[in-house]
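Numbers here simply count residues along the sequence, with the first being 1. Counting starts at 1 for both ligands and their atoms, following the listed order.
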Amino acid sequence: MRLAIIGAGSMAGEHAKHFGRLPGVEVVAVCDMDGDRAHAFAERHGIPEAYADLGAMLARDDIQAVSNATPDGVHKATSLAAIAAGKHILCEKPLATNEADAREMAVAAQQAGVINMINLSYRDAPAIQHARELVASGALGRVMHVDASYRQSWLVSHAWGRWDQDSQWLWRLSEGHGSKGVLGDVGVHILDFASFPVGDITKVNCRLKCFDKAPGNRIDDYVLDANDSALMQVEFAGGALGTVQATRWATGHHNALTLSVHGDQGALRVDLDAARDKLQVCLGEDVHPARWTTLEAPATPSIYQRFVDSIASGHNDQPDFARGAALQKVLDACFLSHAEDRSQALAGGEVAEPVTA
Ligand SMILES: NC(=O)c1ccc[n+]([C@@H]2O[C@H](COP(=O)([O-])OP(=O)(O)OC[C@H]3O[C@@H](n4cnc5c(N)ncnc54)[C@H](O)[C@@H]3O)[C@@H](O)[C@H]2O)c1
């Protein structure tokens, strides 16, 4: 199978590395609107052809599939072009920047009969796959309460580079550059992480915050107006309540996803920082003493492998574009809920004094 990559940035490097390792897959081309970047990327990853013109790359009949690693606001136009050219497509998350666009992409892919998947990469963690199986088996009983967090700290830590200098981080902070903030960027991951095992989210109440970060909240032509922190209260189709949060201000964590699911007969906890292939459970006789044990989860094929397998078999594996659009519906509801803010401000005298040294 011959595959091309759209976008030659940071995540595209992961695509090149993973697809390059799969037997039977050849990464034959890369396209970036920045031609120099495309050429440097091709050289770095041993890819024969580099393009600055997407149309020229997509016109090649020998390319069957593309992976799209452009910024969020560019996914729709580039994916629709690839679908129109009849290419199978793996697109980065979030699928688009609103539900209507995401639905349009899902419908276009379905009508064109191409395999379509969205890179909700944390589904590759064996622990989350096993968590889904446990919930589905009824081992936890009726799920009552859920708690999911995605903690990043790149607005504090320099471990991944400088947010105030690198375009890779600056576009994520700016709505004008197509970003929906932390909610669109990794909120989509944690909403999937919670609802993949527990079930669809049917109600949401959301609070977003964009903190002041630079003079005038602007750096060059990046207006820093996208949300940095998101708090969600959700209800699931099965009736459980949950809290879901995502932030770039979680000092002390680079990229930490956690999930707790509490049922009336048992509970589970996933902490990907601690282990991607282990989860903790409290079941059966352990419920009364609240004793937890660790379970090993069987290995899970990567999304790159599942995309390639889907093309070979003709059976579109999950998560597909329709799933991406369903998540986008939750994101849209979050923005609406935030805009209609029903939080109650407390009068000054009723608030406790801040703690000082
Ligand atoms: N699944 C995951 O876990 C995960 C992790 C990181 C990033 N991502 C996603 O990957 C995508 C890319 O993120 P990144 O950090 O690599 O960004 P990046 O800024 O490093 O790279 C994006 C690249 O796309 C190029 N580009 C922009 N518009 C283009 C166009 N019209 N045609 C061709 N190329 C174009 C840019 O020049 C840049 O080189 C985002 O959607 C992001 O949300 C997903």
How about Arg142: does its CZ atom have over 12 heavy atoms from other parts shown lying under 6.0 Å from it?
-> no
Hey, what else clusters with Leu22 if you join Ile, Leu, Val, Met, Phe, Trp, Tyr whenever side-chain heavy atoms sit under 4.5 Å?
-> Met1, Leu3, Ile5, Met11, Phe19, Val25, Val27, Val30, Phe41, Ile47, Leu90, Ile115, Met117, Ile303, Tyr304, Phe307, Val308, Ile311
For the salt bridge (Lys or Arg N to Asp or Glu O under 4.0 Å) test, which of Asp320, Asp192, Asp317 pairs with Arg123?
-> Asp192
Tyr122/Tyr150 aromatic ring centres below 6.0 Å = yes
Taking salt bridge (Lys or Arg N to Asp or Glu O under 4.0 Å) as the test, write out the residues that go with Asp164, two or more places apart.
-> Arg162
Give a table of atom pairs where an N or O of ligand 1 lies under 3.5 Å from a protein N or O.
unit_1, atom_1, unit_2, atom_2, d
ligand 1, 1 (N), Glu92, OE1, 2.9
ligand 1, 1 (N), Asn119, O, 3.1
ligand 1, 1 (N), Ser121, OG, 3.1
ligand 1, 3 (O), Ser121, OG, 2.6
ligand 1, 3 (O), His189, NE2, 3.3
ligand 1, 15 (O), Arg172, NH1, 3.1
ligand 1, 15 (O), Arg172, NH2, 3.0
ligand 1, 16 (O), Ser10, N, 3.2
ligand 1, 16 (O), Met11, N, 2.7
ligand 1, 19 (O), Trp171, NE1, 2.8
ligand 1, 20 (O), Ser10, N, 3.0
ligand 1, 34 (N), Met33, N, 3.3
ligand 1, 37 (O), Asp32, OD1, 2.6
ligand 1, 37 (O), Asp32, OD2, 3.4
ligand 1, 39 (O), Asp32, OD2, 2.6
ligand 1, 39 (O), Arg37, NH1, 2.7
ligand 1, 41 (O), Thr70, O, 3.1
ligand 1, 41 (O), Asp72, OD1, 2.6
ligand 1, 41 (O), His75, NE2, 2.9
ligand 1, 41 (O), Lys93, O, 3.3
ligand 1, 43 (O), Asp72, OD1, 3.0
ligand 1, 43 (O), Lys93, O, 2.9
ligand 1, 43 (O), Lys93, NZ, 2.9

Members sharing Trp249's hydrophobic cluster (side chains within less than 4.5 Å) | Trp154, Leu155, Val156, Trp160, Trp163, Trp169, Leu170, Trp171, Leu173, Phe211, Ile219, Tyr222, Leu224
